[in-house]
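Chain identifiers are assigned alphabetically (A, B, ...) following the order of the sequence lines, protein sequences preceding nucleic acid strands; residue numbering begins at 1 within each chain. Source: prediction; values computed, not measured. What's counted below: heavy atoms across the whole structure, side chains too, no hydrogens, waters or symmetry copies.
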Amino acid sequence: MNTISSRYNPQTVEDSRRDLWEKDHVFHAQANRKKNPFAIVIPPPNVTGILHMGHALNNTLQDILIRYKRMKGFEALWMPGTDHAGIATQNVVEKQLAKEGKTRHDLSREEFLQRLWDWKKQYGDTIIHQLKKLGSSCDWDRTRFTMDEPYSKAVNTVFIRLYKKGLIYRGRYIINWCPRCHTALSDEEAEHKETQGALYHIRYPLKDDPSEHVIVATTRPETMLGDTAVAVNPKDARYKKLIGKILILPLVNREIRIIADDFVDPQFGTGAVKVTPAHDPNDFQMGQRHDLETINILHEDGRMNENAKQFNGLDRFKARTAVIEALQKENLLERIDEHLHAVGHCYRCHTVVEPYLSRQWFVKMKPLAKPAIRVVKNGQIKFYPERWTKTYLNWMENIRDWCISRQIWWGHRIPVWYCKACGEDRPIVTDQKPGHCPCCRGKDLRQDPDVLDTWFSSWLWPFATLGWPKRSADLKYFYPTSVLFTAPEIIFFWVARMIMAGMEFQKKIPFSDVYIHGTVRDAQGRKMSKSLGNALDPLEIIQEYGADALRFSLIVNSGQDLFIAKEKFEIGRNFANKIWNASRLILMNTTDISTLDLHKNFKKLKTKDLPLACQWILSKLQTTTQDVETAIERFRFSEAETLVYDFIWKNVCDWYLEMVKSRFNEKEVQIVSLYILDQSLRLVHPFMPFISEEIYHNMTSDKKILSLQNWPTIDHRIKNPAMEQSMEGLFAVIAAIRNIRAQWHINNGADLCCILQCSANEYRFFESNFSVLETLAGINDLRLSQAPVKTKDMATALCGKIKIFIPLKGLIDVEKEQKRIETEIENCRHSCENLSKRLNDTSFLKKAPKDVVEKEKTRFAELSAKISELEKTLGDLA
RNA sequence: GGGCGCAUAGCUCAGCUGGUUAGAGCGCUGCCCUCACAUGGCAGAGGUCGAAGGUUCAAGUCCUUCUGUGCCCACCA
């Protein structure tokens with residue numbers, strides 16, 4: 001290693017480390033009675049996917065936790081896999097077909113599906129390979145796919161169970177229809193975007209008196225062709241006398257009635273609403289209340305159909321213009337107002353969706369939501385950050401039924417058959433094609449052509465990946481899983497539904513913690529996307545900076561939403577380089593020490609006899625380990641990472657190594673340095689697995705794998721907070737001397753005398769660390785003085801030398817400091833008085849909750865201690 | 001319309017249950033290629049913590065209002 005370049009080169013390292021892990025199946029986990037399980041399921045990326053920054057962040061977070069837990073001795077399973085992503089994947093393959101000038105209808109269903117499977121075989125693992133490049137320590141042997149045979153079994157089982165329970169039904173309702181994908185979408189799959197549109201005011205003449213008319217306002221004028229009523233609020237005085245009258249629907253000359261319905265808001269538009277039951281969800285409900293006819297005016301591809309009369313065949317948006325022109329011609333268009341409103345778009349292809357009346361399968365959600373609400377409310381499942389709990393509960397409490405059928409071919413075919421004789425009203429719900437119809441014994445059976453929403457399989461992920469519906473040992477051991485990591489936009493699609501499925505089918509929560517991370521944005525705060533062209537490709541970053549650098553930089557920025565520009569990755573790259581070089585320094589100077597016996601040798605050392613620098617860094621190591629653990633357990637990953645960064649860079653490199661580099665000839669210094677390196681590598685490993693593995697694996701003569709080593713254990717006997725504090729004082733003094741030296745432009749080693757005036761305690765401390773002080777401060781004549789330095793001493797010290805006199809207290813303004821401490825003491829006393837008043841007040845003691853009282857008591861004790869400490873400091877100052 | 005965030009150094013952000021002198025990285029200034037590292041070292045400058053009130057012995061932190069800004073949800077056509 002000592003001959004290796006001084007610059008860390010991740011490209012030469014990462015592939016081989018990955019091979020090392022894969023070859024030995026290092027990350028394979030199995031039901032193991034001797035250990036505690038810890039499981040994470042990956043949010044399965046789409047098979048269409050290529051790695052983007054969101055994935056990089058999401059998977060790095062998971063990897064940090066799973067590697068940490070693995071090192072902590074858990075049987076840590078990270079379950080990987082991919083999602084078939086129904087519409088998304090079908091779209092990709094249809095685009096391929098389009099290049100050949102074909103549509104899927106030019107192929108048979110089977111041929112088309114074959115194309116999809118071929119595609120999946122060829123590209124479906126792309127994302128998995130890319131996740132590996134990131135360093136993800138998944139149990140790759142278990143990689144699942146949502147359309148695997150056993151997984152499909154789970155999907156069908158769920159469908160059948162819910163159907164039998166009455167929680168799945170089929171019916172004609174208004175759903176969101178994507179005219180480009182030719183399929184129904186769930187409410188969650190229709191993205192509402194603010195759009196500048198127009199509010200068209202149209203005159204509908206009265207039948208009895210064509211000179212009179214009612215003006216209706218609409219944002220989608222073409223839907224008027226399907227109107228079957230006009231509705232007004234029954235309390236609206238303007239229209240009261242018109243209720244029940246007949247209007248002539250312009251352009252189609254259909255007679256429609258004016259009805260009264262509370263739904264109508266008299267304040268909006270003209271207070272009169274055109275009712276189109278086949279093309280608007282509210283109108284549909286009104287239609288049901290008033291028994292109105294539904295007239296469908298659209299083909300599935302968004303063109304007008306024969307019901308649109310002269311507009312037949314026109315695309316819906318062309319029809320809009322045509323309808324407006326026709327109305328203008330007949331002088332029936334009152335006016336057009338600008339209008340900002342939310343328009344639904346397909347979440348996959350961004351086409352404007354149409355509310356469309358069709359027969360679909362639905363899941364009744366309210367009964368499923370109930371237990372899922374309960375487990376979040378009672379804290380069995382916690383969200384991080386906590387505020388997402390509210391978002392979740394709000395959605396769950398207003399949940400609507402879930403449209404699960406999709407009119408596409410790629411996905412789980414709905415396990416339902418229809419008998420030709422008995423018709424679609426008698427669906428046969430079963431896993432396998434039945435031999436005959438159970439009611440008429442007819443043999444002409446046809447399976448429902450539709451497939452299930454892709455989320456209808458994803459919501460089973462935490463247990464279907466573990467073998468359910470089989471009662472596998474894995475399921476028993478690893479379920480419920482521990483933490484779920486995901487992005488906020490997935491809470492409704494996936495997280496909520498997984499909780500419902502878990503409660504329904506396992507009677508247990510699927511995971512206990514949900515960590516919601518931020519969205520990765522560009523430097524301007526825009527969401528990274530291919531279409532905007534602002535996306536940074538993680539693979540490019542890995543190529544240029546290394547996977548460790550990518551991981552480190554993402555996490556360190558990951559408090560909330562991340563604003564990422566390419567330069568942000570330098571911090572990770574530089575840190576990796578720093579680790580590399582610090583390791584070189586240590587390894588070059590510790591060749592006498594066998595790494596085999598490192599821990600044994602270390603244990604033999606008597607900490608108290610070690611050089612101060614060693615004692616200090618060892619103590620700092622304990623503190624850091626403790627803090628990092630706490631941070632990780634609280635899911636404060638960027639904090640944990642910063643702690644490791646500061647420990648290695650600022651403590652180990654900037655101070656420790658600088659203090660000991662001249663003493664590497666001492667054996668115990670070598671042992672401690674090597675030990676610190678060993679432990680540091682363990683600390684960084686969850687964050688930067690490649691470089692840490694590389695250094696560790698190569699420095700151990702028996703080629704141990706770091707991924708399988710233990711997390712550092714904290715030895716409280718080595719911990720010495722008081723000494724840490726003293727050392728920091730020492731560092732401050734050194735900095736002050738250096739500053740003066742710099743200001744005076746005195747070179748290192750110049751003839752310079754420096755007298756430090758310090759307290760008795762400090763005197764003892766500095767005296768024993770004289771050489772360190774001199775070396776680091778660059779002073780060759782350093783003197784300490786407990787007494788105030790007198791002019792005479794100065795004069796002696798100054799013979800022919802440049803003078804520096806630093807009263808240690810001079811680092812701070814003594815008077816100011818005294819004042820500050822005095823006020824501080826006064827404040828604390830005040831607080832103590834208040835507290836003691838309350839603690840002696842019996843009514844307070846009765847009323848206040850126990851923990852509050854306890855807290856105040858602790859606070860009182862703390863404050864008292866603080867006061868005496870402050871008083872002591874004050875005494876020292878004087 | 002409802003809900004949730006954010007506003008702290010030139011920039012990007014930490015700052016958790018109020019409590020020493022508000023921190024980091026980048027950028028900036030000065031001095032250094034010293035044999036681990038210039039992807040580096042040392043030192044330094046830079047902050048009325050968005051505004052106004054309030055609670056408190058004590059407020060960046062808690063409360064109210066306002067301003068700016070971002071996101072999510074929602075069937076006002």
In a table with atom names and distances, give each donor-acceptor pair under 3.5 Å that connects a side chain of residues 640-659 of chain A to protein atoms at least two apart or in another chain.
unit_1   : atom_1 : unit_2   : atom_2 : d
A:Glu641 : OE1    : A:Val556 : N      : 3.1
A:Thr642 : OG1    : A:Ser638 : O      : 2.6
A:Tyr656 : OH     : A:Ser673 : OG     : 2.9

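- Here A:Tyr8 and A:Trp580 bring their ring centres to under 6.0 angstrom of each other.
- Using a cutoff of 4.0 Å between basic side-chain nitrogens and carboxylate oxygens, A:Arg634 and A:Glu629 are not scored as salt-bridged.
- Going from the P atom of B:rC62 to that of B:rG18 covers 8 Å, rounded to whole Å.
- Spacing between atom CD1 of A:Ile586 and atom P of B:rC35 amounts to 18 Å, rounded to whole angstrom units.
- Across all strands shown, A:Glu639 has heavy atoms under 4.0 Å from base atoms, whether or not it also approaches the sugar-phosphate.
- As judged by a 4.0 angstrom heavy-atom cut-off over every strand, A:Glu658 is placed among the base-contacting residues.
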Anything under 3.5 Å between a protein N or O and an N or O of nucleotides 55-62 of chain B, put it in a table, one pair a line.
unit_1 : atom_1 : unit_2   : atom_2 : d
B:rC57 : O2'    : A:Asn827 : OD1    : 3.4
B:rC57 : O2     : A:Asn827 : O      : 3.4
B:rC57 : O2     : A:Asn827 : OD1    : 3.4
B:rC57 : N4     : A:Ser831 : OG     : 2.9

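- The separation of B:rU20 from B:rG60, taken at their P atoms, amounts to 11 Å, rounded to a whole angstrom.
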Just the atom pairs and distances: protein N or O near nucleotides 24-26 of chain B's N or O, under 3.5 Å.
unit_1 : atom_1 : unit_2   : atom_2 : d
B:rA24 : O3'    : A:Lys650 : NZ     : 3.3

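- Applying the side-chain contact (heavy atoms from CB on, under 4.5 Å) test to A:Glu633 and every residue at least two apart in sequence or in another chain returns A:Tyr68, A:Lys69.
- RNA chain B contains the following stems of three or more consecutive Watson-Crick or G-U pairs, with both distances under 3.5 Å: B:1-7 with B:67-73, B:10-13 with B:23-26, B:28-32 with B:40-44, B:50-54 with B:62-66.
- The stretch residues 259-269 of chain A touches RNA chain B through A:Phe263, A:Val264, A:Asp265, A:Phe268, each having a heavy atom under 4.0 angstrom from the strand.
- Residue A:His339 is in sugar-phosphate contact alone, with no base atom involved, counting any heavy-atom pair closer than 4.0 Å across all strands shown.
- Other residues, nucleotides and ligands contribute only 12 or fewer heavy atoms inside 6.0 Å of the NZ atom of A:Lys235.
- Checking B:rA77, B:rC13, B:rA36 against the side-chain heavy atoms of A:Phe563 singles out B:rC13 as nearest.
- Of the C1' atoms belonging to B:rC76 and B:rU65, the separation is 31 Å, rounded to the nearest Å.
- Residue A:Lys193 contributes atom NZ, which lies 12 Å from atom P of B:rC73 at whole-angstrom precision.
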Distances under 3.5 Å between protein N/O atoms and the N/O atoms of nucleotides 4-8 of chain B, please, pair by pair.
unit_1 : atom_1 : unit_2   : atom_2 : d
B:rC4  : OP1    : A:Lys390 : NZ     : 2.7

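- Distances shown here put a side-chain N or O of A:Arg738 below 4.0 Å from the OP1 or OP2 atom of B:rA43.
- Taking atom P in both B:rA59 and B:rG3, the straight-line distance is 31 Å, to the nearest Å.
- Atom CZ in A:Phe637 sits roughly 19 Å away from atom P in B:rC16 (whole-Å rounding).
- Residues passing the side-chain contact (heavy atoms from CB on, under 4.5 Å) test with A:Ala735: none are found, sequence neighbours excluded.
- Taking the C1' atom of each, B:rA14 and B:rU61 are spaced 13 Å apart, rounded to whole Å.
- Between B:rG1 and B:rA58, the distance separating the two P atoms is 40 Å to the nearest Å.
- At least one side-chain nitrogen or oxygen of A:Trp649 sits closer than 4.0 Å to the OP1 or OP2 atom of B:rG41.
- Here A:Arg400 reaches the OP1 or OP2 of B:rC75: one of its side-chain N or O atoms lies under 4.0 Å away.
- Taking atom C1' on both nucleotides, B:rC28 is separated from B:rG47 by 16 Å, rounded to a whole Å.
- At the heavy-atom level, A:Ala735 lies under 4.0 Å from the strands shown only through sugar-phosphate atoms.
- Ring centroid separation for the pair A:Phe575 and A:Phe552 comes in under the 6.0 Å cut-off.
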Return a table of donor-acceptor pairs under 3.5 angstrom between the side chains of residues 260-275 of chain A and protein atoms on other chains or two or more places apart.
unit_1   : atom_1 : unit_2   : atom_2 : d
A:Asp261 : OD1    : A:Phe263 : N      : 2.8
A:Asp261 : OD1    : A:Arg289 : NH2    : 3.2
A:Asp261 : OD2    : A:Arg289 : NE     : 3.0
A:Asp261 : OD2    : A:Arg289 : NH2    : 3.4
A:Asp261 : OD2    : A:His290 : NE2    : 2.8
A:Asp265 : OD1    : A:Gln267 : N      : 2.8
A:Thr270 : OG1    : A:Ile215 : O      : 2.5
A:Thr270 : OG1    : A:Ala272 : N      : 3.3
A:Thr270 : OG1    : A:Ala272 : O      : 3.4
A:Lys274 : NZ     : A:Thr223 : OG1    : 2.7
A:Lys274 : NZ     : A:Asp227 : OD1    : 3.1
A:Lys274 : NZ     : A:Thr276 : OG1    : 3.0

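- The side-chain contact (heavy atoms from CB on, under 4.5 Å) check on A:Glu354 picks up A:Pro179, A:Arg220, A:Leu298, A:Arg316, with sequence neighbours excluded.
- Residues forming a ring-ring contact (aromatic ring centres under 6.0 Å, His included) with A:Phe563 (at least two apart in sequence, or on another chain): none.
- Look at CE on A:Met588: it is 9 Å from C1' on B:rC35, rounded to the nearest Å.
- The same atom, C1', is picked in B:rU69 and in B:rC32; the two are 44 Å apart, to the nearest Å.
- In summary, the side chains of A:Tyr347 and A:Glu189 do present a donor paired with an acceptor at a separation below 3.5 Å, with no hydrogens or angles considered.
- Sequence order on RNA chain B of the closest nucleotides to A:Val556 and A:Arg634 puts A:Val556 first from the 5' end.
- Here A:Arg584 does not reach the OP1 or OP2 of B:rC35: none of its side-chain N or O atoms lies under 4.0 Å away.
- Side-chain rings of A:Tyr515 and A:Phe637 approach one another, their centers coming within less than 6.0 Å.
- Taking a cutoff of 4.0 Å between a charged side-chain nitrogen and a carboxylate oxygen, A:Lys566 and A:Glu544 qualify as a salt bridge.
- Counted within 6.0 Å of CD on A:Glu194, heavy atoms from surrounding residues, nucleotides or ligands total more than 12; the atom is thus considered enclosed.
- Where A:Ile734 and A:Ala582 meet RNA chain B, the nucleotide closest to each residue was compared, and A:Ala582 sits on the side nearer the 5' end.
- If you check every strand for non-hydrogen atoms under 4.0 Å, A:Asp654 touches sugar and phosphate atoms only.
- Atom CZ of A:Arg521 is separated from atom P of B:rG70 by 11 Å (rounded to the nearest Å).
- A:Glu397 CD: more than 12 foreign heavy atoms inside a 6.0 Å radius.
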**Asked** Under the ring pair (Phe, Tyr, Trp, His ring centres under 6.0 Å) criterion, do A:Trp388 and A:Phe383 qualify, and how do the steps go?
**Response** CA-CA 6 Å; A:Trp388 293 108; A:Phe383 282 84; 8.3 Å; no
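- Between A:Phe284 and A:Tyr173, the ring planes are perpendicular. Angles over 60° get that label, and only those under 30° would be called parallel.
- Listed by chain and number, the residues in a side-chain contact (heavy atoms from CB on, under 4.5 Å) with A:Ser662 amount to none (sequence neighbours excluded).
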